[in-house]
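The block underneath contains the structure these notes are about, expressed in structure tokens.
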Amino acid sequence: MCCSQYDVKGISNVRQLIIIGSGPAGYTAAIYAARANLSPLLIASSVEAGGELMNTTDVENYPGFPEGVQGPELMGLFQAQAERFGTEVVLDDVTKLELDGQVKKVTLGSGRVEEALAVIYATGSAYRKLGVEGEDRLSGHGVSWCATCDGFFFREKVIAVVGGGDSAMEEATFLTRFASKVYIIHRSETLRASEIMQERARQNPKIEFLLNKVVEKIDGDALVTNVVLRDTVDGGESTLDLNGLFIAVGSDPRVHLVHGQLELTAEGTIKVDGRTSKTDIPGVFAAGDVLDPTYRQAVTAAGSGTVAALDTEHYLASLPKDLLAEASATPTAVPA
């Protein structure tokens, strides 16, 4: 930039806003941003468009759907609403980000380079998997990573939770509201959960601990029917009949693209200023699970997307008018 930090002349494809991520946070940010005439470009991913809800069958806790809604259907409605107001959606993957400076650069897998005055980073988080046979095949058919999402479907059923931390104890305790029996499966004798959470679980008559055990295989045709367990002490195998398996071994925010650029928290999420979406780089905002190590719900992610869009709108409004004029029209992308 030859003249000033605000000079974008000669840059033919600068936009006002690029949103990275297509879950509830990304699409909600797009809806608000598009209605504010920011003409957002949303990078939705080539293989994971729609986020984690694309792997969820019935969603019964999202407001406005009293009879429930299929996860893919809900995300399709999110996308349609965003596009209705002028969001451009691209099914591609971001391979590189350059966030310093007034103009942010986003490189895509196709080789295209998109540029914008602001970026909302809403790539979500990925639940850790066990990596065992049957896990992917029975996902949404008895295998779940979210008790608050799916616990209702296991009324009077026998289920198990895999994990030894606070989240596993919380999920197991919550699931006793519905299930007739809840096993907690953990690979060692020692749990990582806090004493109070362990005690709460141990005092619950519906919960039974299976320690020094790991899941080797998840069985079932259309639905989970049992799991094969291996004893970590003597190596022996056994079969446990179940109607459902909840995996609570943690999740990882998808922040690999911003390592070394944005400040992260001790939990590995993107650090923001208070209740805002503002990161430590002006013009870069975060939304959804990528900044939330605790709740990780579709509705909280959508609310976070709203915050990010409003913060972005205020940021862009603070920039010089001549700079915004350069980015006001929808640009034509140029190759790298």
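Within a 6.0 Å radius of CG in D234, more than 12 heavy atoms belonging to other residues, nucleotides or ligands are found. Residue R84 places its CZ atom among 12 or fewer non-hydrogen atoms of other residues, nucleotides or ligands, all under 6.0 Å distant. For CZ of R275, the number of neighbouring non-hydrogen atoms (other residues, nucleotides, ligands) closer than 6.0 Å is 12 at most.
Connection of V249 to L210 is established within a shared hydrophobic cluster, with ILVMFWY side chains joined at heavy-atom distances below 4.5 Å, either directly or through further cluster members. Taken together through direct or relayed side-chain contacts under 4.5 Å among Ile, Leu, Val, Met, Phe, Trp and Tyr, F65 and V299 form part of one hydrophobic cluster. Placement of V227 and I207 in two distinct hydrophobic clusters is found when ILVMFWY residues are connected by side-chain heavy-atom separations under 4.5 Å, directly or transitively. Note on Y315 and L42: same hydrophobic cluster, where clusters join Ile, Leu, Val, Met, Phe, Trp and Tyr whose side-chain heavy atoms are under 4.5 Å apart, directly or indirectly. At a threshold of 4.5 Å between side-chain heavy atoms, the hydrophobic network of Ile, Leu, Val, Met, Phe, Trp and Tyr places V59 and Y127 in two separate groups.
Under the rule for a side chain to side chain contact (heavy atoms under 4.5 Å, CB included), the partners of E216 that lie at least two apart in sequence or sit in another chain are V214, V228, R230, E237. Here Y62 pairs with F78 under the ring-ring contact (aromatic ring centres under 6.0 Å, His included) rule; sequence neighbours left out. Residues passing the side chain to side chain donor-acceptor pair (under 3.5 Å) test with K181, sequence neighbours excluded: E208. By the side chain to side chain donor-acceptor pair (under 3.5 Å) test, K96 is found to be paired with no residue, residues two or more places apart in sequence or in another chain being considered. Residues satisfying the side chain to side chain donor-acceptor pair (under 3.5 Å) test with D100, not counting sequence neighbours, are none.
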| request: Just do the side-chain contact (heavy atoms from CB on, under 4.5 Å) check on T107 and V94 with the steps written out, would you? | output: CA-CA 6 Å; T107 302; V94 177; over 6 Å; no
| said: What verdict does the side-chain contact (heavy atoms from CB on, under 4.5 Å) test give for D280 and L262, after you've listed the backbone C-alpha separation in whole Å, the side-chain angles of each residue and the deciding distance to 0.1 Å? | reply: CA-CA 6 Å; D280 60 327; L262 296 181; 3.8 Å; yes
| From CA spacing to verdict: side-chain contact (heavy atoms from CB on, under 4.5 Å), L291, S304 | CA-CA 9 Å; L291 59 78; S304 180; 4.2 Å; yes
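Within the structure, ring-ring contact (aromatic ring centres under 6.0 Å, His included) contacts touching residues 99-120 (residues at least two apart or in different chains) do not occur. Sorted by first and then second residue, the salt bridge (Lys or Arg N to Asp or Glu O under 4.0 Å) pairs involving residues 259-273 (not counting sequence neighbours) are E263-K271. Applying the ring-ring contact (aromatic ring centres under 6.0 Å, His included) test to residues at least two apart or on different chains, the pairs with a partner in residues 164-185 are F174-F178. Judged as a salt bridge (Lys or Arg N to Asp or Glu O under 4.0 Å), not a single pair has a partner in residues 187-198 (not counting sequence neighbours). Here ring-ring contact (aromatic ring centres under 6.0 Å, His included) pairs that include residues 201-247, with residues two or more places apart or in two chains, are F154-F246.
Atom CZ in F285 sits 11.0 Å away from atom CD in E313 (nearest 0.5 Å). Of the inter-residue distances, the one linking Q70 atom CD with L77 atom CG reads 12.0 Å to the nearest 0.5 angstrom. For the atom pair OG1 (T265) and CD1 (I270), the distance works out to 9.5 Å, reported to the nearest 0.5 Å. Rounding to the nearest 0.5 angstrom, the gap separating the CG atom in D289 from the CZ atom in R296 is 7.0 Å. The distance from atom CG of D219 to atom CG of L240, rounded to the nearest 0.5 Å, is 11.5 Å. Atoms CD and OG, from E135 and S139 in turn, are 8.0 Å apart once rounded to the nearest 0.5 Å.
With K104 contributing its side chain and A116 its backbone, the two residues share no donor-acceptor pair below 3.5 Å. S180 places a side-chain N or O within donor-acceptor distance of the main-chain N or O of K157, the cut-off being under 3.5 Å. In this structure a side-chain-to-backbone donor-acceptor pair under 3.5 Å is missing from N212 to D231. Distance alone, capped at 3.5 Å, is enough to place a donor-acceptor pair between the K206 side chain and the A179 backbone. In this structure a side-chain-to-backbone donor-acceptor pair under 3.5 Å is missing from W145 to K129. At least one donor-acceptor pair closer than 3.5 Å links the side chain of Q261 to the backbone N or O of L97. Checked by atom type and distance alone, the side chain of D311 pairs as donor or acceptor with a backbone atom of S277 at under 3.5 Å. Proximity of a side-chain donor or acceptor of R137 to a complementary backbone N or O of G220 within less than 3.5 Å is detected. Side chain of H186 to main chain of T190: a donor-acceptor pair is present (N/O by atom type, distance under 3.5 Å, no hydrogens or angles). Judged by distance alone, with hydrogens and angles left aside, the side-chain atoms of T279 form a donor-acceptor pair with the main-chain N or O of V284 at under 3.5 Å.
Between L264 and H259 the shortest heavy-atom distance is CD1-CE1, 3.5 Å. Between I120 and A287, the closest heavy-atom pair is CG2-CB, 4.3 Å. Minimum interatomic distance between G268 and P253 (heavy atoms only, all atoms of both residues): O-CG, 3.2 Å. Considering every non-hydrogen atom in both A118 and T312, the closest pair reads CB-CG2, 3.7 Å. The heavy-atom pair separating I281 from L99 by the smallest distance is CG2-O, 3.6 Å. The two residues R254 and Y121 come nearest to each other via the heavy atoms O-OH, 3.0 Å.
Side chains of T239 and L229 form no contact here, defined as non-hydrogen atoms less than 4.5 Å apart. Between E114 and V90, every side-chain heavy-atom pair lies at or beyond the 4.5 Å cut-off. Counting only heavy atoms from C-beta outward, the side chains of D241 and V158 never approach each other to under 4.5 Å. Residues V224 and V143 are in side-chain contact: their nearest non-hydrogen atoms beyond the backbone lie under 4.5 Å apart.
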Identify all side-chain donor-acceptor contacts of residues 17-33 below 3.5 Å with residues at least two apart in sequence or on another chain.
unit_1	atom_1	unit_2	atom_2	d
S22	OG	A44	O	3.0
S22	OG	G50	N	2.8
Y27	OH	Q79	OE1	3.1
T28	OG1	P24	O	2.6

Show me the donor-acceptor pairs within less than 3.5 Å that the side chains of residues 160-170 make with the rest of the protein, sequence neighbours left out.
unit_1	atom_1	unit_2	atom_2	d
D166	OD1	S194	N	2.7
D166	OD1	S194	OG	3.2

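Just one of T176, V182, L245, D150 meets the side-chain contact (heavy atoms from CB on, under 4.5 Å) condition when paired with I159; it is V182. The residue from V290, I43, V255 that alone fulfils the side-chain contact (heavy atoms from CB on, under 4.5 Å) condition with T123 is V290.
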